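Beneath this line is the structure, given in structure tokens, with notes to follow.
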Amino acid sequence: MNYWLMKSEPDTFSIDDLANRPAQTEPWDGVRNYQARNMMRDDMKLGDLVFFYHSNCTEAGIVGIIEVVKEGYPDCSAFDPEDKHFDPKSDKSKPRWMRVDVRYVRKLARTISLKELKTKAELTDFTLVKNGNRLSIMPVSQAQWDFILSLE
DNA sequence: GCCAACGTTGGC
DNA sequence: GCCAACGTTGGC
């Protein structure tokens with residue numbers, strides 16, 4: 001069982017949006033970064049828990065927990081010319097991009113902000129707090145997971 | 001809205 | 001295979 005963190009802009013798709021979906025489940029599509037793609041394709045397993053992170057907003061931070069309910073499969077939004085994330089180089093016979101499905105688990109009692117996370121000595125090695133890191137999906141160690149939850 | 005960081009593209 | 005140009009991310 002692994003832990004992860006996934007970023008989303010709340011204006012586009014927030015934790016509340018996920019909670020309001022039928023079955024509280026949604027495909028995590030539109031990721032167009034190879035590192036993130038590889039993690040969804042190879043490493044994210046059924047039942048893995050994920051921190052839901054709000055980026056590019058008033059209070060950037062971790063707002064909830066979600067879970068992987070379907071492992072990596074082709075992201076068909078890449079095939080749709082009308083889609084914002086259309087990629088003409090992704091061929092249906094050899095899809096370039098992958099996605100997983102996630103389900104709402106719960107919101108945190110409070111937002112644990114990026115600002116706060118950056119002050120913690122325990123998290124100096126956490127990818128999220130490294131300057132200039134733009135990865136939208138990243139692994140979280142058991143120790144990091146437990147520590148962050150202890151802040152709640 | 002600005003801009004630093006960084007990934008990708010493409011000419012050579 | 002190098003690297004400049006360009007586009008995107010995301011904090012502020």
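Note that the structure is a prediction, hence the values are computed from the model and not measured. Chain letters run A, B, ... following the sequence lines, proteins first and then strands; every chain starts at 1.
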Whether the side chain of Glu152(A) engages the backbone of Leu108(A) through a donor-acceptor N/O pair (distance < 3.5 Å, no angle test) should be reported.
no
Begin from the C-alpha positions of Glu67(A) and Arg106(A) and carry the test salt bridge (Lys or Arg N to Asp or Glu O under 4.0 Å) through to its verdict.
CA-CA 10 Å; Glu67(A) 111 184 81; Arg106(A) 69 176 180 92; over 6 Å; no
Will you find, in the side chains of Asn20(A) and Tyr104(A), an N or O donor that is under 3.5 Å from an N or O acceptor?
no
Aromatic plane relationship, Phe13(A) with Phe52(A) - under 30° parallel, 30 to 60° tilted, over 60° perpendicular:
tilted
Checking all strands, does Lys115(A) fall into the base, sugar-phosphate, or nothing category for heavy-atom contacts under 4.0 angstrom?
nothing
Name the first nucleotide and the last nucleotide along DNA chain C (5' to 3') that come under 4.0 Å of a heavy atom in chain A.
dG7(C) to dC12(C)
Residue whose closest nucleotide on DNA chain B lies nearer the 5' end, Arg96(A) versus Asn133(A):
Asn133(A)
Quick one: label Lys130(A) by what it contacts on the DNA or RNA (base, sugar-phosphate, nothing), any heavy atom closer than 4.0 Å.
nothing
Return whichever of Gln35(A) or Asn56(A) has its heavy-atom-nearest nucleotide of DNA chain B closer to the 5' end.
Asn56(A)
Basic-acidic side-chain contact under 4.0 Å: Arg110(A), Glu116(A)
yes
Exam field: side chain Asp29(A) to backbone Ser77(A), donor-acceptor pair closer than 3.5 Å:
no
